Amino acid sequence: SIILLVLLGLTQPLLTQQIKNHRLLTSLQSLYQSMQRARILAITQSTFVTVCPSKEGYFCDDSPDWHDGWIVFLDPLKVGQPSSQEALVEIKESVDKLVLSSGRRVRTRFSPEGTAYGHNLTIIACSRETEPLPRLVLSNAGRIRWEPVSSTEKCTKF
């Protein structure tokens, strides 16, 4: 029983770190799923769909920081803001203990063909509690992918 206690004491910090990593990756996965949903909706509804950071859950913020939450909405006139409450498709609240930033990009819009305007959107995920998390990259073709990061990379948001 002493050996079991020693082993448990040695593995407990590793297990705690694994749980933290999993929680943060789940939060990042939520943004990935919102992007996928927006693209599929744009194609199936033959309309423009926008995804943007939003603290309040009703309008887009002019900020590249996604950790305070984001919204997905129908944007047929490409105005970059929801035209009404009915246009909102999804509202996501803040992501705890994770910083999500897209540099200078403050939104992305999917076309009815599933493409995304502008240059590639790269969302960097940072946390004080874990090793570097993978980046979320959206290409102009509308493809959303994970991009691994080096374990030596540091987060500049802290």
Side-chain angles (χ1 to χ4, degrees), residues 19-158:
I19 291 169
K20 285 179 184 177
N21 285 353
H22 180 71
R23 274 193 209 130
L24 295 176
L25 283 172
T26 299
S27 296
L28 190 55
Q29 179 74 21
S30 180
L31 180 54
Y32 174 87
Q33 290 169 341
S34 292
M35 294 279 186
Q36 287 283 31
R37 181 178 186 193
R39 182 172 190 248
I40 291 168
L41 190 61
I43 294 168
T44 59
Q45 299 289 318
S46 295
T47 192
F48 292 90
V49 177
T50 298
V51 185
C52 65
S54 177
K55 291 179 189 173
E56 303 300 323
Y58 300 108
F59 297 102
C60 294
D61 298 336
D62 285 329
S63 166
D65 297 329
W66 297 73
H67 48 268
D68 290 325
W70 60 87
I71 56 175
V72 176
F73 60 94
L74 303 176
D75 194 7
L77 300 177
K78 303 188 286 184
V79 295
Q81 292 287 352
S83 58
S84 67
Q85 288 291 102
E86 292 77 32
L88 289 169
V89 174
E90 185 174 70
I91 300 169
K92 290 292 185 171
E93 295 183 9
S94 67
V95 180
D96 190 33
K97 299 185 182 190
L98 189 61
V99 173
L100 298 170
S101 179
S102 58
R104 291 188 296 258
R105 290 275 303 267
V106 297
R107 70 181 47 86
T108 192
R109 182 180 300 121
F110 291 95
S111 74
E113 295 79 30
T115 59
Y117 287 92
H119 54 79
N120 284 0
L121 172 74
T122 301
I123 297 179
I124 298 169
C126 300
S127 169
R128 292 178 193 207
E129 300 179 358
T130 66
E131 59 196 39
L133 297 165
R135 291 182 184 103
L136 189 61
V137 179
L138 170 65
S139 72
N140 291 349
R143 181 174 170 244
I144 306 160
R145 71 183 189 315
W146 298 106
E147 185 177 276
V149 295
S150 161
S151 62
T152 60
E153 286 188 52
K154 299 292 180 213
C155 188
T156 58
K157 283 288 187 177
F158 292 112

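Because the structure is a prediction, the values reported are computed rather than measured.
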Might you work through the side-chain contact (heavy atoms from CB on, under 4.5 Å) test for Leu136 and Trp146, ending with a clear yes or no? CA-CA 5 Å; Leu136 189 61; Trp146 298 106; 3.9 Å; yes
[X] versus [Y], closest heavy-atom pair with distance:
| X | Y | result |
| --- | --- | --- |
| Trp66 | Arg105 | NE1-O, 4.4 Å |
| Phe110 | Gly114 | CD2-O, 3.8 Å |
| Pro82 | Phe59 | CD-CA, 4.2 Å |
| Ile91 | Leu88 | CD1-CD1, 4.1 Å |
| Thr108 | Ala116 | OG1-CB, 4.0 Å |
| Pro134 | Leu28 | O-CD2, 3.3 Å |

Main-chain N/O of [Y] paired to [X] side chain as donor or acceptor, under 3.5 Å:
| X | Y | answer |
| --- | --- | --- |
| Asn120 | Val137 | no |
| Asp68 | Ser54 | no |
| Arg107 | Cys60 | no |

When you look at Leu41 and Val89, which way does the side-chain contact (heavy atoms from CB on, under 4.5 Å) test go after all the steps? CA-CA 9 Å; Leu41 190 61; Val89 174; 3.5 Å; yes
I'd like to know if the side chain of Glu113 pairs up with that of Thr115 as donor and acceptor (distance under 3.5 Å, no hydrogens or angles considered). no
Does some side-chain heavy atom of Gln36 sit less than 4.5 Å from a side-chain heavy atom of Ile144? yes
Test item: Ile124 and Val149 side chains (from C-beta on) under 4.5 Å apart, heavy atoms: no
So Ile71 and Cys52, side-chain contact (heavy atoms from CB on, under 4.5 Å) or not? Walk me through it. CA-CA 6 Å; Ile71 56 175; Cys52 65; 3.5 Å; yes
Could you walk me through whether Leu138 and Arg39 pass the side-chain contact (heavy atoms from CB on, under 4.5 Å) test, one step at a time? CA-CA 11 Å; Leu138 170 65; Arg39 182 172 190 248; 5.8 Å; no
